Amino acid sequence: MGFLQACGMRAAPFLLFSSLSGENLKDVFFLQPALLHVFYAFCHLLVLLSLCLLWCFRRFVSGNPIKERIEKGRFLYYKVTLSVCLTLALFYVFLCIYDLVWYIDDDRAYDTRLDIRLHLGFSAITWLAISAHLHFSFIPSHEERFPVILRIWWAAYLLMCCSSTLLDFFYYRKFEIIGTHLWVLHFVSVLSALVLNYAAVFGKRHVDGSDLLQQTLLDGANSPNVQLSESPSDSGSVSLFANANFFAILTFSWIGPLLAAGNKKTLDLKDVPQLDYRDSVDGVLPVYKSKLESYKTSNGNNSSSGNDNGTSHITSFNLAKAMILSAWGLVFLTSIYALLYTLASYVGPYLIDYFVQYLNGYQTFANEGFVIVIAFIVAKLFECFSQRHWFFRLQQIGVRVRAFLVSIIYQKALTLSSNARQGRTTGEIINIMSVDADRISLFSWYLHDLWMVPFQVTLALLILYSTLGLASLAALAATFLVMLANVPLGKMQKQYQEKMMETKDIRMKSTSEILRNMRILKLQGWEMKFLAKIAELRNNETNWLKKYVYTSAMTTFVFWGAPTFVAVFTFGACVLMGISLQSGKVLSALATFRVLQEPIYNLPDTISMVIQTKVSLDRISSFLRLEDLQNNVVERLPKCSSDVAIEVSDGNFSWVLSSESPTLRDLNFKVLQGMRVAVCGTVGSGKSSLLSCILGEVPKITGTVKLYGTTAYVSQSPWIQSGKIQDNILFGKEMDVEKYDNVLEACSLKKDLEILPFGDQTVIGERGINLSGGQKQRVQIARALYHDADIFLFDDPFSAVDAHTGSHLFKECLLGFLASKTIVYVTHQIEFLPSADLILVMKDGKVTQMGKYNDIVKLGSDFMELVGAHTEALSAIDTLELASSSSNSETTDDSSHIQSNVHALIDEEKKDAQNSKFEEGEIQKGQLVQEEEREKGRVGFWVYWRYITTAYKGALVPFILLAQILFQILQIGSNYWMAWAAPVSKDLKPPVNIFTLLYVYVALALGSAVCILIRAILVANAGYKTATILFNKMHFSIFRAPMSFFDSTPTGRILNRASTDQSDVDTSIPFQIASLAFTIIQLIGIVAVMSQVAWQVFIVFIPVIGLSFWYQRYYIDTARELARLVGVFKAPIIQHFSESLSGSTTIRSFGQESRFEDINSQKLDECSRPRFHNAGAMEWLCFRLDVLSSIMFAFSLIFLICLPKGVIDPGIAGLAVTYGLNLNMMQAWVIWNLCNLENRMIAVERILQYAGIPSEPPLVIEASRPDSKWPSIGEIDIRDLQVRYAAHMPFVLRGITCNFPGGQKTGIVGRTGSGKSTLIQTLFRIIEPTVGQICIDGINISSIGLHDLRSKLSIIPQDPTMFEGTVRSNLDPLEEYTDEQIWEALDCCQLGEEVRKKETKLDSPVTENGENWSVGQRQLVCLGRVILKRSKVLVLDEATASVDTATDNLIQKTLRQHFSDSTVITIAHRITSVLDSDMVLLLDNGQIMEHDTPARLLENKSSSFAKLVAEYSMRSNSS
């Protein structure tokens, strides 16, 4: 009341126009105040009548919805809308009553104010009616959106409020009748109208939440101790954000429960709330994908080709357009926030001149100082609110975009054709999925910069024009010059960025391949050679990285130098034009230049980001355009429609369509339902390709393939997912206990599972690392059997298991469990052929013979070659009578009983090892592969110290800080000089000459520019050097790690550090650390300037800073763990992606694409949840810091205007305000940089984790290096060898003592898990002996370096390995041999003819994992390597498991020929492979059961070896 009385009669509510005489407005009739009030009253009355009619219609025509009370979920923004309508109603009621009371004694005014009373009265009634309608009529209805009447009215109300405000500002203000309270009224009206229109656009009914869910959220939000998730699957979790009210969203207090929880405990994923459905993959993908497909359709790109799944015509433009328009609501909202922020940020610079003039005594109206202060503070608060919500919503867009891109890339990867797949390696695709998708999601930060920059520059020039006149044109010219200077820098950055990404792709591809094959590298002693290869690739990358960071340094120099350059240019123009430089104008200009710094910097930065994003969009769109599998290769029909199961007619297929000779030719065969079909042939004849062709994996040239029923597929190389054994077998199917038990029994898995500590809940490591080859195959077969398909395709699954297990599997699975099913099986074991109803004999991609066993045996030729080789192998067994005598039932039963017991005992060895390994501690829960380790609590000081002292031992740090301090001093000095030397007004004489003023300013400006240049270069140098050193340390540590590290660590974790974390260290962290140091220095500078003017600022500054740091500490506990969770849960996405790529054929064959896409979506959401809530937590903190700094700024302003005139120099006071304008930004920057740096430093922490992995023993021990000719004899002497995998585990090898004479051939046999592979690993020191020793030619192998040992031994491993490159690089990776020697080796291993057929001979390409070579051919390449090496000791670990018997016989002859004087140790499941050995060693449960010549062991019919041979012979002759 007192305030209104102080303003006089004109301050009374709505007496805006009444004191305005008719003469003033006689020329503008429609602007008469009375007419406007009547018009507004009429509009409100119209709405009121419309609502009444609507109510009557619903009441009497449509029935009574109030009685129905149908509530369909919640209505978005309903509570906010109702609150605003009620507030407006009460507001108008108050004004109406107040107006009546104010004029109760003034009869003349009482009679003449009818128009105002009508306006206020109808407004109050209308808004009350709207509130009632919303509460009683709208909510119980079925309407999905707010009523059309209300939406139209709210839009009209906004128009009325805005027009009224503009009318008052531009027209009535000149009559001086506008009271201060009126602006408050306008502010409330416009703000309410904006909120209502926002609700009108985005408000809609949601049906995705139940009352119970909402209540759970409310309970959780009100209790800091609430458990935000009920289970590891997070099914009970709710979205705090989606269910928050308007006030909670406005102030970010919705994140409060999570922050409270983070302060009480270390957060895990189960503590992080769920995403809003609209931010999850399930909510995002359909919207974005439909939008993308609509553009493809609208562009007329519909393709009729069979291999177009909707992505083959995707362009970068369409992809970008789809992403922006799919999120148009958020894009529009952020543009409003950006606009408000921009306008608010320029209010301060505009008002500084007025403030200085006020302090100098120039006052245009009463209380002008307080009005200016209020304007400053309101602008600051608007700036705070708009910026915080702008940034948060941008990150929300980023989360959605990333979810969409990763999902669509994953979906595409599952449908890639073989040709397209060979053109892109796993590493490249992972980079596209992780790095490129991340970069595009980061572009959301720059979304509005393209239109904001010109808008900001325009605003700045308008302010400069109002203060400096035509000199603002000089500022415009200088701004363009600075921006132009950034153009070449932007181009260079783009070029360097592209090159850096290309080289990084190549490096990651090689790293991925090397990590997958680390075991073979260590066995061959090649790890350092391949590390050198990675180092070379990294050098190529760092060449571009160095150029990139130095270009970034120049950009930084331009950023910090831009305001100074523009200021010098502008003030120089003022001097030349004779424009007086007054301190108020100078300070206003300086503040404007500082605000102008942002668009000057942002434009080149935005251009750079646009370019980087364009590069990533191109890479993603080009990947999405890759060729898909042909959908028309196979015609899939229901089983019941025919008695045929598989029919191939006139089939010609080729992996490479451009190839002249097809992979498969002239295929014509028909398989009836229930038939067993065997496929046999020599290595490389096309057997596996035939199965792939049936599955539709091989591109079709001509012909038809028809499949009647569902399929299940067992690949030759086992594909096992990381996860539980049970999940691998069920493979998405529901658990049927009886069926599950039958499958386990048929696949001989029950004993394995009984011995495992967690049974079928045991977690399998990556690629089944903690299972033997045979166990992996049996799990694969169990998966196929449980799937209960109609057609089963087996690609030689019996080669990885021993004779007994192979017989059991064939009998129980193919002949028993699947007796009624259609089966096509590839095999090299001739003994499995007689059981087939149809045999397909293949050679050179053709089916050369077809028929039953007895029929095609008589025809001779190709099939007889295979049978003859098998017979020849069996002829080595001199005691065939043993087999025939064992064929009676008694012996068979006895044999079966013994084998069963022996099998259990022998299996126990490996399982005991695992059992003990699993009992490593309660903490590790016994599993081999654990959840990824992560540090807890604060990032240790040692991490920061290690980082800053890595390069030059930290010698550059003091110089960097000194350069920044000097820059800050010179900056403040130059501004202080201008504020002091420029007069406050024209009337005062300046203390110095105008040219002196300019010269000193230029000198100080140049000094500060030099300092910033030095600082930028030093930071770039230190960051680059540190990144290089950390990379080298981590990779050296990884390559020198023992194999146990790789067995228990999924490659995704290592790749995540080598890719994402290394990228952070390369480009982000150095500038983040520098930014923190610089912002602290700047903040100290700002406070110093402000406190010089008013030391009382410290009264507020100290508690404000204290509170800020308290907030920071409160926030950082949660934010740190959220950032760690993002890192931890990003690796499973990469791992799952990598696994899916390698097993895509299996996934497709089982029809499991959609389930795997769902798993990918789940993992994406698990990663997005901490990412989204981390963004919310950051804005929660920044919002509070902004408010605190605004309080401090307000205190300073109030203090300054309360000082008596003359106490302080107005120019210096203005300088303090100029710096104070940046106080909230700088204070927030300090805390934000502090928090962000800690989050970023987690990348360094993770890299340092892997830089400190315990390493293997030394590669070379100079003091005990063996002679260059060692071993000359090859004698291996094993004495009391006891081996265990870790100190707390039982022994796996238990006191083995034996001698392998030099130059002799020893065969090692035993059931799965008997210790054969452990013995070989100990020989190569993959595992170190615990007790005892192994001597080769009298030298204890533990006393020499690993490289000296492994380089002198040779091995052909069970899993054949080829690396991407050429045939030459695969045979001779160390480049030690001539072409002639390589050709000789190829001829010896039966590959010479195959390689000569290829156009580029030895330079013929080998794709990733050797996928363009058959498994058998890969095995022969491994044989070629050892032939080249010609070591004195050779180990064959199931070396011929993947080749046919004929090829096996040739290999055995080759080995006898080339390694006649070498010690050869053979582990084989094919008994024929060890029969010609000089000695046989039979292991059981880690102990030697038998060790003698084969002949002597066969003489003793009760010996275990004799029983094995008998069983093999019996199986081979059973038909």
Side-chain angles (χ1 to χ4, degrees), residues 519 522-525 909 1042-1043 1256-1285 1287 1291-1310 1314-1357 1426 1429-1437 1455 1459-1467 1474 1477-1484 1486-1493:
R519 183 177 297 276
K522 287 193 174 292
L523 288 169
Q524 300 281 11
E909 163 266 316
M1043 268 314 299
E1256 289 185 303
L1259 291 174
V1260 175
I1261 301 174
E1262 291 295 341
S1264 58
R1265 295 202 69 173
D1267 185 79
S1268 59
K1269 295 182 180 178
W1270 177 88
S1272 56
I1273 301 170
E1275 181 183 6
I1276 301 173
D1277 189 27
I1278 302 175
R1279 302 173 195 166
D1280 189 28
L1281 183 66
Q1282 299 182 50
V1283 175
R1284 57 184 172 191
Y1285 286 94
F1291 287 101
V1292 180
L1293 297 180
R1294 311 159 193 254
I1296 289 181
T1297 301
C1298 63
N1299 181 271
F1300 299 159
Q1304 290 196 8
K1305 186 177 179 183
T1306 302
I1308 302 179
V1309 293
S1314 59
K1316 305 186 296 291
S1317 293
T1318 303
L1319 178 60
I1320 298 305
Q1321 288 187 73
T1322 310
L1323 179 63
F1324 281 82
R1325 287 179 64 192
I1326 298 295
I1327 307 167
E1328 291 291 325
T1330 310
V1331 180
Q1333 63 182 25
I1334 300 176
C1335 294
I1336 299 178
D1337 284 2
I1339 294 179
N1340 184 351
I1341 62 170
S1342 297
S1343 66
I1344 62 174
L1346 291 180
H1347 187 265
D1348 286 335
L1349 170 67
R1350 292 170 183 170
S1351 63
K1352 299 293 184 179
L1353 309 180
S1354 289
I1355 183 169
I1356 303 178
V1426 300
K1429 199 171 178 183
R1430 295 184 190 274
S1431 300
K1432 204 67 180 169
V1433 176
L1434 171 63
V1435 176
L1436 307 176
D1437 186 0
L1455 291 174
F1459 293 91
S1460 56
D1461 59 345
S1462 296
T1463 304
V1464 179
I1465 301 171
T1466 304
I1467 297 174
V1474 295
S1477 300
D1478 299 307
M1479 299 289 286
V1480 170
L1481 177 72
L1482 191 142
L1483 292 178
D1484 176 11
Q1487 295 177 315
I1488 297 174
M1489 300 301 291
E1490 298 170 0
H1491 186 202
D1492 210 333
T1493 62

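Worth saying up front: this structure is predicted, and the values here are computed from it rather than measured.
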Backbone of I1273 reached by a side-chain donor or acceptor of D1337 within 3.5 Å: yes

Give the intermediate values and the outcome of side-chain contact (heavy atoms from CB on, under 4.5 Å) for residues R1350 and K522. CA-CA 8 Å; R1350 292 170 183 170; K522 287 193 174 292; 3.8 Å; yes

Check whether any side-chain heavy atom of L1483 lies under 4.5 Å from a side-chain heavy atom of I1296, and answer yes or no. yes

Distance col, row Q524:CD vs I1356:CD1, nearest 0.5 angstrom, shows 9.0 Å

Please name the residue in the list I1341, V1260, I1261 that meets the side chain to side chain contact (heavy atoms under 4.5 Å, CB included) test with D1348. V1260

Got a donor-acceptor contact below 3.5 angstrom from the K1352 side chain to the S1268 backbone? yes

side-chain contact (heavy atoms from CB on, under 4.5 Å), that's the test. Do N1299 and E1275 meet it? Break it down for me. CA-CA 8 Å; N1299 181 271; E1275 181 183 6; 3.0 Å; yes

How far does CG of L1281 sit from CD1 of I1334, to the nearest 0.5 angstrom? 5.0 Å

To check you understand the geometry: which heavy-atom pair defines the closest contact between L1346 and E1328, and what is its length? CD2-OE2, 4.3 Å

Between I1467 and L1319, is any pair of side-chain heavy atoms under 4.5 Å apart? no

Can you name the closest pair of heavy atoms from V1426 and I1355 and give their distance? CG1-O, 3.7 Å

M1479 vs F1300, test: side-chain contact (heavy atoms from CB on, under 4.5 Å). Steps then yes/no. CA-CA 8 Å; M1479 299 289 286; F1300 299 159; over 6 Å; no

Run the side-chain contact (heavy atoms from CB on, under 4.5 Å) test on S1431 and L1353 for me, step by step, so that the C-alpha distance in whole Å, both residues' side-chain angles and the decisive distance to 0.1 Å come before the verdict. CA-CA 6 Å; S1431 300; L1353 309 180; 5.7 Å; no

Let me confirm one number: the CD1-CD distance from I1278 to Q1333, rounded to the nearest 0.5 Å. 11.0 Å

Separation between CD1 of I1320 and CG of L1436, rounded to the nearest 0.5 Å: 9.5 Å

So, does T1330 use its side chain to make a donor-acceptor pair with the main chain of R1284 at under 3.5 Å? yes

Report yes if some heavy atom in the side chain of T1306 is under 4.5 Å from a heavy atom in the side chain of I1276; otherwise report no. no

Short question: side chain of S1264, backbone of S1343 - any donor-acceptor pair under 3.5 Å? yes

What heavy-atom pair brings K1305 and T1466 nearest, and what distance separates the two atoms? CE-OG1, 3.7 Å

Minimum heavy-atom distance between I1344 and R1325, given as atom pair plus value: O-NH1, 2.7 Å

Quick one, M1043 and Q1321 - any side-chain contact, counting heavy atoms below 4.5 Å? no

To the nearest 0.5 Å, what is the distance between CG on L1481 and SG on C1298? 5.5 Å

Do you know the tightest heavy-atom contact between M1489 and D1484? CG-CB, 2.9 Å

Residue from V1433, L1434, L523 passing side chain to side chain contact (heavy atoms under 4.5 Å, CB included) with S1354: L1434

Straight-line distance of R1430 CZ to F1459 CZ, nearest 0.5 Å: 6.5 Å

Looking at every heavy atom in both R1294 and Q1282, which two are closest together, and how far apart are they? C-CG, 4.3 Å

Partner of I1336 under side chain to side chain contact (heavy atoms under 4.5 Å, CB included), picked from T1463, D1277, L1349, is L1349

